[in-house]
Amino acid sequence: QVQLRESGGGSVPTGGSLTLSCAVSNVAAPGNRTPYYCISWVRQGPGDERKGVIFLNTGGRWTRRAPALNGRSTSAVDFGNSIFVLQIHNVKPADSGMYYCAADMRFYDTGFQACSTDLRTYDYWGQGTQVTVTP
């Protein structure tokens with residue numbers, strides 16, 4: 001069973017930086033397929049629905065960010081160790097919420113393949129890590 005584990009949440013002052021990591025285990029691609037898949041970082045604020053803030057192909061060649069993160073986020077892919085990192089800079093109170101790492105395990109042969117931005121296609125989820133941006 002695929003497992004995802006988030007780390008790096010906590011309290012961050014407004015204007016600071018935040019680093020979240022997602023470790024994925026027990027991935028098994030069928031046959032000889034290159035096992036690229038898609039990861040999303042999803043935020044859920046109090047009373048809000050879950051919203052994807054970044055979607056990335058684990059081959060490292062395709063990424064899509066929510067407009068609110070454009071210009072103030074970076075992502076890193078360590079495919080060999082199945083660790084995926086999201087950094088958010090100049091954080092704002094609106095960045096607060098529970099952050100989940102989710103995986104869409106439809107395997108692709110290329111890192112350029114676009115990922116789904118429909119969270120219903122993400123079958124595997126971590127437990128989440130809380131982020132609180134303080135004044």
Side-chain angles (χ1 to χ4, degrees):
Q1 177 74 3
V2 175
Q3 294 183 330
L4 293 85
R5 178 178 295 177
E6 305 91 343
S7 60
S11 293
V12 185
T14 297
S17 293
L18 167 69
T19 299
L20 301 175
S21 295
C22 174
V24 184
S25 59
N26 300 332
V27 176
N32 294 319
R33 294 201 67 180
T34 303
Y36 296 139
Y37 52 95
C38 293
I39 290 288
S40 177
W41 280 101
V42 178
R43 182 180 70 237
Q44 185 171 26
D48 291 339
E49 62 181 9
R50 294 181 178 182
K51 296 178 182 178
V53 297
I54 190 169
F55 300 86
L56 61 89
N57 183 309
T58 59
R61 299 295 186 175
W62 186 94
T63 305
R64 177 167 292 175
R65 294 176 174 79
L69 290 190
N70 283 339
R72 61 184 189 96
S73 67
T74 55
S75 59
V77 173
D78 180 353
F79 183 73
N81 291 307
S82 297
I83 296 174
F84 309 99
V85 176
L86 172 65
Q87 291 184 316
I88 304 175
H89 311 287
N90 189 24
V91 296
K92 306 173 182 180
D95 294 322
S96 295
M98 185 70 81
Y99 281 75
Y100 299 92
C101 179
D104 176 348
M105 287 291 175
R106 291 177 292 175
F107 295 103
Y108 302 115
D109 295 324
T110 171
F112 292 97
Q113 176 68 46
C115 293
S116 169
T117 57
D118 182 346
L119 293 179
R120 292 173 296 180
T121 66
Y122 289 76
D123 294 328
Y124 300 95
W125 292 72
Q127 294 297 309
T129 184
Q130 180 68 41
V131 170
T132 301
V133 179
T134 58

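These numbers come from a predicted model, not from an experiment.
- Between L86 and S73 the shortest heavy-atom distance is CD1-CB, 4.3 Å.
- Sequence neighbours left out, the pairs with a member in residues 55-107 that pass disulfide bond (SG atoms under 2.5 Å apart) are C22-C101.
- The aromatic rings of F79 and Y37 sit tilted, their planes meeting at an angle between 30° and 60°.
- Under the 4.5 Å side-chain heavy-atom criterion for ILVMFWY residues, no single connected hydrophobic cluster contains both I54 and L4.
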List, one per line, each side-chain donor-acceptor pair under 3.5 Å for residues 126-135, sequence neighbours excluded.
from: T129; atom 1: OG1; to: G9; atom 2: N; distance (Å): 3.2
from: Q130; atom 1: NE2; to: G97; atom 2: O; distance (Å): 3.4
from: T134; atom 1: OG1; to: V12; atom 2: O; distance (Å): 3.4

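- Within the 4.5 Å cutoff, the side chain of R72 has heavy atoms near those of the D95 side chain.
- Hydrophobic clustering, with ILVMFWY side chains joined whenever heavy atoms are under 4.5 angstrom apart, groups Y100 together with F55.
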N/O donor-acceptor pairs under 3.5 Å from side chains in residues 44-53, not counting sequence neighbours:
from: Q44; atom 1: OE1; to: R50; atom 2: NE; distance (Å): 3.3
from: Q44; atom 1: NE2; to: D48; atom 2: O; distance (Å): 3.1

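- Counting all heavy atoms, side chain and backbone alike, S116 lies closest to D104 at CB-OD2, 4.0 Å.
- Residues Y124 and M105 form a side-chain contact, since some pair of their non-hydrogen atoms from C-beta on lies under 4.5 Å apart.
- Looking at F107 and V27, their side chains come closer than 4.5 Å, going by heavy atoms from C-beta outward.
- Distance alone, capped at 3.5 Å, places no donor-acceptor pair between the N57 side chain and the W62 backbone.
- Within the 4.5 Å cutoff, no side-chain heavy atoms of Y122 are placed close to those of V42.
- Taking CG of N81 as the reference point, atom OG of S25 lies at 12.5 Å (rounded to 0.5 Å).
- A 4.5 Å side-chain heavy-atom check between V77 and Y36 finds every atom pair outside the cut-off.
- Taking Ile, Leu, Val, Met, Phe, Trp and Tyr as members and joining any whose side-chain heavy atoms lie under 4.5 Å apart, directly or through other members, the hydrophobic cluster of I83 also contains V85.
- In terms of heavy-atom proximity, H89 sits nearest to S17 at ND1-OG, 3.3 Å.
- R5 contributes atom CZ, which lies 12.5 Å from atom OG of S21 (distance to the nearest 0.5 angstrom).
- A search for side-chain hydrogen bond (donor to acceptor under 3.5 Å, both in side chains) contacts involving S75 returns R65, not counting sequence neighbours.
- Counting only residues at least two apart or on different chains, the salt bridge (charged side-chain N to carboxylate O under 4.0 Å, His left out) pairs with a member in residues 112-131 are D118-R120.
- For the atom pair CD of Q87 and CG of L20, the computed distance is 9.5 Å after rounding to the nearest 0.5 Å.
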Intermediate values then yes/no, side-chain contact (heavy atoms from CB on, under 4.5 Å), W41 and L69:
CA-CA 12 Å; W41 280 101; L69 290 190; over 6 Å; no
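- In terms of heavy atoms, R43 sits closest to S96 at CD-O, 3.5 Å.
- Between S40 and L119, the closest side-chain pair of non-hydrogen atoms falls below 4.5 Å.
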